Amino acid sequence: MVKVRTSHLHCRQSVRPCDTSDLELDLLRKAQTCGIDAVLKYFTYLILKQDSSEKYHLDRLIDTLESIRRERGQLEKKDDGATHDEAWKQYDTGLEDLKEAERVSTRFKDDIQNKLLCDLLAGVLHIANETRHKNLLVQLENSRREKNKKQHCPHFVRLCNAVLTQLKTVEVESFKSFNKLLDIKFQVNGPVRTKNRGTAEGFDYRPDFIISSYNALTRNFNGKPPEYDAEPPIPLKWPAVLLSGKIKTELHVTYPEFKSRESYDHLENLDKPYDDTTSNTSELKTQEGGLEEDSARGGEYGEWEEGGHDHPGVPSLWHLHPTSSLKRTRGAGKPVTDIEQPQAKKTRVFPTPPCSAPGTRSVARQPTNEFHVQDVRQEVVAGRVQCAYYALEMLSYSVGVHHAVNLLLIDRILFIWYYDRQGIVQSTGIDIFKDFPRFVALLFLFQRFSLEDWGIIPAFNPEAVDKHGLSNACSTAPKSDKDPQAKAEPEVIPLTLKLHGSGGPYLENYEDFTPFWKSRGEMPISELTEVWIPDAKSFLSYRPQCLAGRATAVMPAVGYGPGRASKVDMVCKISHPEVQRRHEGTTMAIIYKIAEEDETRPETQAKKAEICYDWNMFNHLPKFYFYGDVKGTSTHVIRTLVGCDTSGCRTMRIIGMKRLVKVTTLQSWDFVKAWLEGVICHAFLWKNHIEHGDPSLSNLMYDEDTKCGVLTDFDLCLLQWEPRTVGLDRTGTVPFMAIGLLNDEYWTKGKLVRRYHHELESFIWILPYVFLQYEGGIRKPNALVGPWSTSDYNVCRKEKQDFLYERINKVKIQSSAHEALTFKLGVRSEFSACWGLARALCKALTKLGSEQHRREQEAAINYTTVVGNPADPFVIHARLKATEPAANSPSNNHGDLCWASEFLWSKFVGVTQVLTTLQQPYPDFAPLQARLEYYKPTFGAHDPGRIKELQRLCQDVVLNAGASPA
C-alpha cells in the first residue's frame, strides 16, 4: 500500500512509479461506479431531519435490506454442500422468498429517494435561475477556454460561494436548515505542480480547491475575513479540510460558444434521471478533430463511457454517452468481475483491463491522433490518482476519519469520489453547465452536512473539531520561554472516550471484561467508565496509511473506573475489520471460557502436579479490558442506498487491552522461551479446534509483568466447528508463511486450506528471521532473510527455498565449524548460541519437503498402474487433487491429510527436547517442554462430543455478551 506522509496541503511529495501503480490498482479493484443521482439521493438521506417520516422509513429499510442480504449469505453458505433434492428444494424456496423481499424493500426505498431528490431540485430551481449565477458561469467558461488554471479555479470558487450564500435561506421540507456552526466555504488552495521521478508526467499533490468552515479559514487568514479566491497566507492542515478538489483544464477539448440559458424549466429533467438527450450532439470537438463521430452516438456531455482500452470508472475522451443514473444503459455489458480483470504488472503505471465497465457499451476505438489522445487520457488518470492521494491523506491524519469526499472537475464535467475503508464509490459525470440545478442541489446538500457527514468522528478527532471552532477539546503542549526561533513543539491531541452514558461515542456490542479480571484477582477496577488517550498522534503500531482495509492503529491509553478513583494502563486498538468476521472481542471471550474450563480439568490438574509447575494459560493470552463497535461507522449504508455491492462492508471497532512489549526486545534464550510459550499457546488453541490464522513476529509479544510470551491478534481467528467456505479464508503474513501456501493455489485460486503444520512452520520461520536480523531490538539488513519481507508470495517462496536447500541443507558442518558458519550467515552475536535450534528446525522443514515429494511420486506411480502415463496432465491433476480437502468439509484435518502435521510435530518436539538439557543461568525449559507435549493438537477427525461442547460454550458467550456471531 502506498505510504505518503504530509503535514500541510502544500507539501511536495516525490512518489516512486510503483507507488502510483499500487494506487492505480486500488482504484481499479476497489472502485464501484454509480449514477450521479444515486449519490445525490444518498446525500439527501444524510441531511434529513431526525423526526421526518422519510428518515424513519429509510432507516428501517436499510436495516431490512442488510438483514435480508446477510440471511441470504448464510443460507447460501449453509446449503453449499446440499446434495439431496429435498434440501435443494427448500434452499430454492427460501432464497426466492428472500429475493422477493429484497425487491419489494428496494422498490420502496427508491420511491422515497426519488421523491426527496425531486423535492430538492424543485426547491433550489430559483437559485439556479438567478442572473448573477449565470454571469459567473459565463466567466467560468471563458477562463476554461483560455486554459488559464490560475484564473479558472478562482472563478469556480466564486461561483460556488455565491450559490452557497443564496442557499442559506432556502428551506426544503424534510431537510435540515443551513448549518450555521460550520458555514462551509470553497477556498482556493493554489496549485503547485511537482514532477514524479521515473514517470512521463508530473502529478500535483496539492488540491486546487478545498471546502472548509468559516472558522477554520478565518484562523488561516490571521483572524481577518478570508479571501476565498486567493491562496491562504498560512498553509492549511488536513484537519481543517472537509473536502478537496481537483480541476483539469488541459484536455485539449473545445466546446461551442457557451450561452447561458434564459431559465431552467422546473418541469424539465427534474422528475427523471440526469439524461441530457436533447443537446446538439455535433457540438463536441477536439482541436484536431476525430471525436465528432463518437459524440454523435449519444448526448453531448454526460457519463464518460469506456472503450476497449480504458479503466472502469475512468472518463474516456474516445466515447461519450448521456448519463442515466436510474436506468440501465441500453446494450449494457455484464459486470466486470475480479476474475475477468487481469493482474497488472508492477512496472506498468497504468494497467489496462480488456473489457468495459458495468453498465456501458463496448465501442471500438475510432480513428484519431493516438499521441494526442494518450496525452489526454494521462491527464484524466492523473486527476483521479491525485484525488486518491488527497483522500489517502485525509483518511490517515487521524483515526477519527471515517470517509472522505472529493470532487474532480474535468473541463465542465464534475465527478464525485467517496472513499472509505471498504473501497471507493465514484459517481458518473455531470455537466455543471447543462444541468446547473443538480450542481446547485449538490451545494445545498454540502451546506447542511454535519462533521459526521463529512466523515469526521468527533469523539475520536478532537483536532478537527477544534479546527472548525466547535469545541475546545483540542489542546497543545504548554508554551515555554524558549527562543521563538526554536523548533515548535509538536501538538499533543488527547482523547477522552466515555464508554457509556451521556457524552460518549455510544459503542454498539459493548462488553466490559473488567469484572471478569477483578474476579480472578488480576484487575484493580471492577468497571471501566472512561478511557483517556494522552496523544491521538502517538502510535505504538505503524501509522495507518491506506485507502481501504483494516487500518489498524494501536495507541497508549489509561482506563478509569467510576469517579476516576482507580485507573489501569492499557493500549487501545482501533481498526476497521469486515463485519462478516466475528468480533475479535467475542473470539477472546470464547477463548477465555475454554481456558477457564481447561484449568479445572482433572487431566490438567494431574499434569501440573506431575511436573510440579502450576502454569496459567491466561499469561499467554492478550488481556482484553473492553471492546465495542463505534456507531454510525458501517460502510454498508452508502452502498445500500446507491445500489452498490455491500459484500465486505466494514465497521470501526475499538478494543482496550493490557499493554505489552515487542518480543524482539528480548535476547538469546529469553527470546526463545517467549517464542516457545507462543507455540504452546497456539497448540492449546488448535487442540480446542481454534485456528489463530496468522502466527508471525508482530503477533508474538512479551508481558513484562508475568515474564511470559503472549500470542496476540485474533481478529483473523477461525473456529473449526463453524462452517467455512474454502477459498475465502486466506490469511497470513507473507514473510512467515509456510512455503506450501506461497503459491497461486492458495492466494489466487483458494484451493488449499491451512493445516496445523502450516502454522507451526510459520513459528519456525520466526527464528532465522530474528536471529539473522535483530540486534538490540533493532532490525538490521541481512541479504538472506531480508528479501522475505515482500508482498510478492512467489518471490518469498523462492527466497525461502534457496535459504533451506542452498544455505541450510547442503552445508554439513562439524561442531568446530559452527562459529565460522554463523559468522558467514550473518547470525547476530546475541543469538549465536541459539542458532543451532533454528538450524535444526529448518532441517526438519527440508525433511518434510522430501517426504511430501516422496509421497507425491508414490501417488503418481500408483495412479499410473491404473490409468497410464504419469506425465499425462490428467494424471498429474488427479494426483494434486488427491491432496485437496472436500469443498464442504468442516475440518482441515481428515484421513491421510493429517500426516504432514503429525510429521512436523514429532520433528519439532524432538528438536526442542534439546532445550531441556541446558544448564543455568538459561531458562528452565523442562516445564515448557512438558506443557508442549501435553497440549499436542488433534490432527485427525474431530470428536463430535467435544465439538458439541464447544458449540454450546460459544453460544452461551454470544448470548451473554449481547453480540451476534458473524
Side-chain angles (χ1 to χ4, degrees), residues 7-9 46-47 50 176-185 187 210-221 223 226 232 234-244 390-391 393-405 419-421 446-478 489-507 530-539 543-544 551 553 555 557-558 572 574 576 628 630-633 652 654:
S7 59
H8 298 91
L9 274 70
L46 295 179
I47 69 167
Q50 291 297 326
K176 298 176 184 177
S177 300
F178 157 64
N179 190 338
K180 297 180 181 179
L181 295 178
L182 280 182
D183 189 12
I184 65 164
K185 302 292 182 181
Q187 172 67 52
I210 57 102
I211 291 180
S212 187
S213 65
Y214 179 81
N215 289 332
L217 292 175
T218 301
R219 291 184 180 185
N220 275 72
F221 280 88
I234 302 176
L236 285 163
K237 293 187 177 181
W238 286 108
V241 178
L242 300 175
L243 175 148
S244 58
Y390 308 154
E393 291 298 331
M394 295 178 71
L395 288 170
S396 303
Y397 80 81
S398 168
V399 296
V401 180
H402 174 255
H403 63 262
V405 182
Y419 309 82
D420 61 21
R421 295 306 181 185
F446 283 163
Q447 195 178 46
R448 282 143 184 83
F449 273 12
S450 63
L451 279 181
E452 292 84 351
D453 299 331
W454 287 114
I456 295 172
I457 308 172
F460 291 86
N461 197 347
E463 184 180 17
V465 173
D466 179 71
K467 288 289 184 183
H468 298 290
L470 301 183
S471 172
N472 292 322
C474 179
S475 64
T476 58
E489 294 290 335
E491 290 181 326
V492 177
I493 313 296
L495 289 181
T496 301
L497 305 177
K498 302 288 185 179
L499 296 180
H500 50 78
S502 59
Y506 297 102
L507 299 178
E530 182 180 327
V531 172
W532 181 62
I533 299 177
D535 187 2
K537 290 187 174 182
S538 175
F539 294 91
R543 186 185 186 96
M555 297 175 289
V558 179
C572 280
I574 299 174
H576 301 258
V630 181
K631 281 188 175 181
T633 59
M652 182 176 177
I654 179 172

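Just so it is clear, the model here is predicted, and its values are computed rather than measured. These numbers come from the heavy atoms of this one structure, side chains and all, not from hydrogens, waters or symmetry mates.
Checking side-chain atoms of Arg421 against main-chain N and O of Leu395 turns up a donor-acceptor pair under 3.5 Å. Between the His403 side chain and the Asp453 main chain, a donor and an acceptor come within less than 3.5 Å of each other. Checking side-chain atoms of His576 against main-chain N and O of Ala551 turns up no donor-acceptor pair under 3.5 Å. Within the 3.5 Å criterion, the main-chain N or O of Asp535 finds no donor-acceptor partner in the side chain of Ser538. A distance-only check finds no donor-acceptor pair linking the side chain of Asn461 to the backbone of Val401 [under 3.5 Å].
Contact record, Thr496 with Glu530: CG2-OE2, 3.2 Å, taken as the closest heavy-atom pair. Heavy atoms only, all atoms of each residue included: Leu236 and Pro232 are closest at CD1-CG, 4.1 Å.
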Is there a side-chain contact (heavy atoms from CB on, under 4.5 Å) between Val531 and Ile654? Walk through the geometry before answering. CA-CA 11 Å; Val531 172; Ile654 179 172; 6.0 Å; no
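Ser398 pairs by the side chain to side chain donor-acceptor pair (under 3.5 Å) definition with nothing, not counting sequence neighbours. Every residue two or more places apart in sequence or in another chain that forms a side chain to side chain donor-acceptor pair (under 3.5 Å) with Ser177 is listed here: Glu171. For Tyr214, there are no ring-ring contact (aromatic ring centres under 6.0 Å, His included) partners at least two apart in sequence or on another chain. Applying the side chain to side chain donor-acceptor pair (under 3.5 Å) rule to Asp183 yields no partners; only residues at least two apart in sequence or on another chain are considered. For Ala553, the side-chain contact (heavy atoms from CB on, under 4.5 Å) test picks out Val399, Phe539, Pro544, with sequence neighbours left out. In this view, Ala216 and Ser212, Ser213, Ala240, His468 satisfy the side-chain contact (heavy atoms from CB on, under 4.5 Å) rule, not counting sequence neighbours.
In summary, the side chains of Asn215 and Thr218 do not present any donor paired with an acceptor at a separation below 3.5 Å, with no hydrogens or angles considered.
Atom CD1 in Ile211 sits 5.5 Å away from atom CZ in Phe446 (nearest 0.5 Å).
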